Amino acid sequence: AVSVTSTGAITAGTITTNGGVSTGVGRAAGGVTLNSGTVLTTGAINALGSAAFGGSTLAGGAGGVVGLTGTTRIDLGGNIDTTGGLGDPAPGTANQGAGGAVTVNSAAKLLASRTITTGPTAGNITFSGTTDGSTDFLENLTLTAGTGTVTLTGIVGGVKKLGDIQIVSDAGLTTTNAVTAKSFTETAGTGTTSLNAITTTGAADTVGGAVSVTSTGAITAGTITTN
């Protein structure tokens, strides 16, 4: 596991805590906790569980839990992957390890387009604060939670509008406050989807972007504006 705490700023490079090679059950990845008293700047975070040993008929290892805190804000400078390891026998998806939950505890800024994935199994993705881009309509945010949930608690795109927001998979999607982006897509929801205001109004002289929401569960949507 990796745990870094400072009352000052933290700038992290790539962090990898993947589970090691297994001779039986897949090995769990280590967790990652970064806690800054001012600005936290992250690099890529890889906390993947390892695959079960071939012929073992056992489960893959769990992905590592990731918790990020920056009292001033979090600058997301890398992608995050906490996918669980494949089980045995092949293809290994029936007993794949759970993905590690990813929690962004503070206001977040995308330094470039970012992907966060917990894989096809359990592993919630939570943004507890506001989420902004660096340049209006440029930075995309792609989230894959598998059978976990996606929760965007704070205002999204309130200061700098996001590019394309895509929720690839989830077992529940909640946006508590207004979301402003180039486009908004939920591709394969399997739980309840609850959306506050969604706005994809285009930049000057450009048409508004698409809003596409697909889920097998109940959908509740507030105002949607695409002009």
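Note that these values count all heavy atoms, side chains included, but never hydrogens, waters or copies made by symmetry. A quick note: this is a predicted structure, and the numbers were derived from the prediction, not measured.
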Please find the pair of heavy atoms, one from [X] and one from [Y], that lie closest to each other, and give the distance.
X: Ala47; Y: Gly30; value: CB-O, 3.7 Å
X: Thr144; Y: Ser169; value: CG2-OG, 3.3 Å
X: Leu111; Y: Glu139; value: C-CG, 4.3 Å
X: Gly8; Y: Ser36; value: O-OG, 2.7 Å
X: Ala52; Y: Ala59; value: CB-O, 3.5 Å
X: Thr200; Y: Thr226; value: OG1-CG2, 3.3 Å

Please check if any side-chain donor atom of [X] sits under 3.5 Å from a side-chain acceptor atom of [Y], or the reverse.
X: Thr5; Y: Asn35; result: no
X: Asp164; Y: Ser183; result: yes
X: Thr149; Y: Asn124; result: yes
X: Ser212; Y: Glu186; result: no
X: Asn18; Y: Thr16; result: no

Any side-chain to backbone donor/acceptor pair from [X] onto [Y]? Under 3.5 Å, distance only.
X: Ser22; Y: Gly24; value: yes
X: Thr33; Y: Ser3; value: no
X: Thr42; Y: Gly77; value: yes
X: Thr41; Y: Thr11; value: no
X: Thr69; Y: Asn105; value: no
X: Thr151; Y: Thr174; value: no

Is it true that [X] and [Y] fall in one hydrophobic cluster, defined by side-chain heavy atoms closer than 4.5 Å?
X: Ile198; Y: Leu173; answer: yes
X: Leu138; Y: Leu162; answer: no
X: Val104; Y: Val2; answer: yes
X: Val179; Y: Ile155; answer: no
X: Ile224; Y: Ile165; answer: yes

Any heavy-atom pair between the side chains of [Y] and [X] that's under 4.5 Å?
X: Asn140; Y: Gln166; result: no
X: Val213; Y: Thr193; result: yes
X: Ser50; Y: Val21; result: no
X: Val102; Y: Thr118; result: yes
X: Leu195; Y: Phe184; result: yes
X: Ser106; Y: Arg73; result: no

What is the distance from atom [atom1] of [X] to atom [atom2] of [Y], rounded to the nearest 0.5 Å?
X: Ile80; Y: Thr115; atom1: CD1; atom2: OG1; answer: 8.5 Å
X: Leu68; Y: Ile10; atom1: CG; atom2: CD1; answer: 10.0 Å
X: Asp75; Y: Leu40; atom1: CG; atom2: CG; answer: 8.0 Å
X: Asn79; Y: Arg114; atom1: CG; atom2: CZ; answer: 4.5 Å
X: Leu141; Y: Leu110; atom1: CG; atom2: CG; answer: 5.5 Å
X: Thr153; Y: Asn177; atom1: OG1; atom2: CG; answer: 8.0 Å

> Given Leu58 and Asp88, is the side chain to side chain contact (heavy atoms under 4.5 Å, CB included) satisfied, shown in steps?
Replying inline: CA-CA 5 Å; Leu58 297 172; Asp88 183 78; 5.7 Å; no
>> Before you tell me yes or no, could you show the steps for Val168 and Leu143 under side chain to side chain contact (heavy atoms under 4.5 Å, CB included), namely the whole-Å CA-CA distance, both residues' side-chain angles and the distance that decides it to 0.1 Å?
In response: CA-CA 6 Å; Val168 176; Leu143 306 176; over 6 Å; no
>> Let's go through Leu48 and Asp81 carefully: what are the C-alpha distance in whole Å and the side-chain angles of both, what is the deciding distance for side chain to side chain contact (heavy atoms under 4.5 Å, CB included) to 0.1 Å, and is it a yes or a no?
In response: CA-CA 7 Å; Leu48 286 69; Asp81 191 346; 3.9 Å; yes
> Given Thr199, which of Thr225, Val211, Val156 fulfils the side-chain contact (heavy atoms from CB on, under 4.5 Å) condition?
Replying inline: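 With Thr199 as partner, side-chain contact (heavy atoms from CB on, under 4.5 Å) holds for just one option, Thr225.
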> Going through the checks in order, is the side chain to side chain contact (heavy atoms under 4.5 Å, CB included) test met by Ile74 and Phe127?
Replying inline: CA-CA 11 Å; Ile74 299 168; Phe127 282 74; over 6 Å; no
